[in-house]
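The structure appears below as structure tokens.
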Amino acid sequence: MLHLDFNKKLPKEFYLRYTSDVAGDLLGKYFVRRIGKNFLAGKIVEVEAYDGSFDEAAHTFIGKTKRNEVMFNDGGILYVYFTYGMHFCCNVVTGKKDEGQAVLIRAVEPILGVEIMAKHRFGKSNLTQNEFRNLTNGPGKICQALRIRRKENGTDLTGDEIFLVDNNKIHSKKIITTTRIGIKKSVDLPWRFYIKDNLFVSQK
DNA sequence: TACTAGATCGGCT
DNA sequence: GCCGATCTAGTAG
């Protein structure tokens, strides 16, 4: 039974809290992307928190620059960055203005518009089992599947282009907490959260 | 299944 | 110049 109800969009206040608190609460929520008349959606299954006030792995740790300025706004907007010369990653900005916090969306479970996501990722709509598992199980893959790029940086998440929809809370026993992946600084912070046994989590 | 290298480029030193 | 909040294809076991 699918609970995706566009009337249950997460309000601005949801995002104005501390990054690691928002991160845990984001698990299970629906991430919705509208492209024209088509809606694409995935259930969030893996996230990481970042806080530039002391966290050296956060882009905002070095202070405000052209690249990271979006992340210094009040929570409730999207921070999209380009990395490794070819990938985009998307984050939900959290906390208050000038705090420099965000939650990286690392993996989602495809829910709606799967064929369109498949075309964005693999140029075809019929996928093998392996391709399906690789549709949105990583931050760069999500942005490719949902066609999120530079232009989407700063998008207001209370608008109707990209937004998050509430869903039943994930039971705490189903939430696994670990250190973050793919970084070299502040590696000991326990700020990665994912849903236990979900097929689309990027790494066990 | 596990590890490694290559792709590719914007941001910052 | 160096390196990154990554992904993929390749090789070896």
Side-chain angles (χ1 to χ4, degrees), chain A residues 15 18-24 26-27 31 42 44-73 75 77-95 99-110 117-124 127-155 157 162 176-195 197 199-204:
Chain A
Y15 304 100
Y18 193 64
T19 180
S20 55
D21 295 333
V22 176
L26 280 174
L27 292 177
F31 189 100
I44 298 172
V45 300
E46 179 184 352
V47 294
E48 284 177 357
Y50 288 86
D51 172 6
S53 71
F54 75 101
D55 167 14
E56 295 182 78
H59 290 168
T60 44
F61 182 74
I62 57 172
K64 194 182 285 189
T65 67
K66 189 111 185 174
R67 182 198 200 199
N68 66 25
E69 61 184 358
V70 161
M71 207 174 140
F72 281 99
N73 285 290
I77 61 176
L78 199 69
Y79 167 50
V80 180
Y81 66 88
F82 180 71
T83 192
Y84 291 103
M86 61 186 78
H87 298 297
F88 292 99
C89 296
C90 77
N91 302 247
V92 167
V93 176
T94 66
E99 290 180 338
Q101 306 171 14
V103 176
L104 172 68
I105 309 299
R106 283 197 59 89
V108 305
E109 175 182 327
M117 293 187 209
K119 280 193 177 160
H120 291 166
R121 286 269 298 132
F122 300 103
K124 60 180 186 177
L127 302 184
T128 65
Q129 203 169 15
N130 203 50
E131 286 168 335
F132 181 64
R133 212 184 52 233
N134 281 292
L135 198 50
T136 53
N137 63 341
K141 299 175 189 180
I142 292 173
C143 285
Q144 192 183 5
L146 300 181
R147 197 181 277 165
I148 290 171
R149 301 177 278 205
R150 233 179 283 283
K151 194 173 48 166
E152 279 65 52
N153 189 28
T155 300
L157 296 174
I162 299 172
I176 307 292
T177 303
T178 73
T179 53
R180 297 172 297 180
I181 293 179
I183 54 171
K184 300 218 169 103
K185 303 173 208 160
S186 300
V187 293
D188 292 328
L189 284 170
W191 274 4
R192 173 170 176 256
F193 307 93
Y194 66 88
I195 298 178
D197 298 328
L199 180 63
F200 294 89
V201 169
S202 67
Q203 285 183 41
K204 182 180 72 73

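Just so it is clear: chains get the letters A, B, ... in the order the sequence lines come, proteins before strands, and each one is counted from 1.
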- Query: Want to settle it: does R150(A) or M86(A) sit nearer the 5' end of DNA chain B, counting the closest nucleotide to each?
  - Reply: M86(A)

- Message: Measure CD/Q203(A) against C1'/dT6(C) and give the value in whole Å, please.
- Response: 11 Å

- Task: Walk along DNA chain B from 5' to 3' and tell me the first and last nucleotide with an atom closer than 4.0 Å to a non-hydrogen atom of chain A.
- Result: dA7(B) to dC12(B)

- Nucleotide opposite dT4(B) in a Watson-Crick or G-U pair, distances under 3.5 Å: dA9(C)

- With a non-hydrogen cut-off below 4.0 angstrom, is R180(A) in contact with a base, only sugar-phosphate, or nothing? nothing

- Message: I need the OH-P distance between Y79(A) and dA5(C), as an integer number of Å.
- Response: 9 Å

- Using a cut-off of less than 4.0 Å, is there contact between a side-chain N or O of K185(A) and OP1 or OP2 of dA5(C)? no

- Give the rounded distance in Å between these two atoms: CZ of F88(A) and C1' of dC7(C). 14 Å

- Query: Taking atom types as modelled and ignoring hydrogens, do the side chains of N91(A) and Y81(A) form a donor-acceptor contact shorter than 3.5 angstrom?
  - Reply: no

- Task: Calculate the interatomic distance between I142(A) atom CD1 and dC7(C) atom C1'; express it in whole Å.
- Result: 13 Å

- Side-chain heavy-atom pair Y15(A), V103(A) within 4.5 angstrom cut-off: no

- Report the distance from atom OH of Y81(A) to atom C1' of dC3(C), rounded to the nearest whole Å. 14 Å

- Test side-chain contact (heavy atoms from CB on, under 4.5 Å) applied to E46(A) and I105(A), V201(A), L104(A), the passing residue: V201(A)

- What orientation do F82(A) and F88(A) show, parallel under 30°, tilted 30 to 60°, or perpendicular over 60°? tilted

- Item | Candidate nucleotides dG4(C), dT6(C), dA5(C), ranked by approach to the side chain of K184(A) - the nearest | dG4(C)

- Given atom NE2 of H59(A) and atom P of dA5(C), what is their separation to the nearest angstrom? 4 Å

- Pairwise P distance for dA5(C) and dC3(B), with rounding to whole Å: 22 Å

- Within the structure, does a side-chain N or O atom of R192(A) lie under 4.0 Å from either OP1 or OP2 of dA5(C)? no

- Gap between atoms CZ and P, on F82(A) and dC3(C) respectively (whole Å): 18 Å

- Counting only heavy atoms not in K124(A), do more than 12 sit closer than 6.0 Å to its NZ atom? yes

- Shortest non-hydrogen contact between A57(A) and K185(A), atoms and distance: CB-O, 3.5 Å

- Message: Looking at Y194(A), I'd like to know if the NZ or CZ of R106(A) sits under 6.0 Å from its six-membered ring centre while staying within 45 degrees of the ring's axis.
- Response: no

- Query: Counting any heavy atom closer than 4.0 Å, what does G140(A) reach on the DNA or RNA strands: base, sugar-phosphate only, or nothing?
  - Reply: sugar-phosphate

- Query: Contact class for N91(A) (heavy atom, under 4.0 Å): base, sugar-phosphate, or nothing?
  - Reply: base

- What residues form a side chain to side chain contact (heavy atoms under 4.5 Å, CB included) with T179(A), not counting sequence neighbours? none

- Message: Distance check needed: dA5(C) P versus F193(A) CZ, whole Å only.
- Response: 19 Å

- May I ask you to say what I183(A) touches in the nucleic acid, namely base, sugar-phosphate or nothing, with a heavy-atom cut-off under 4.0 Å? sugar-phosphate

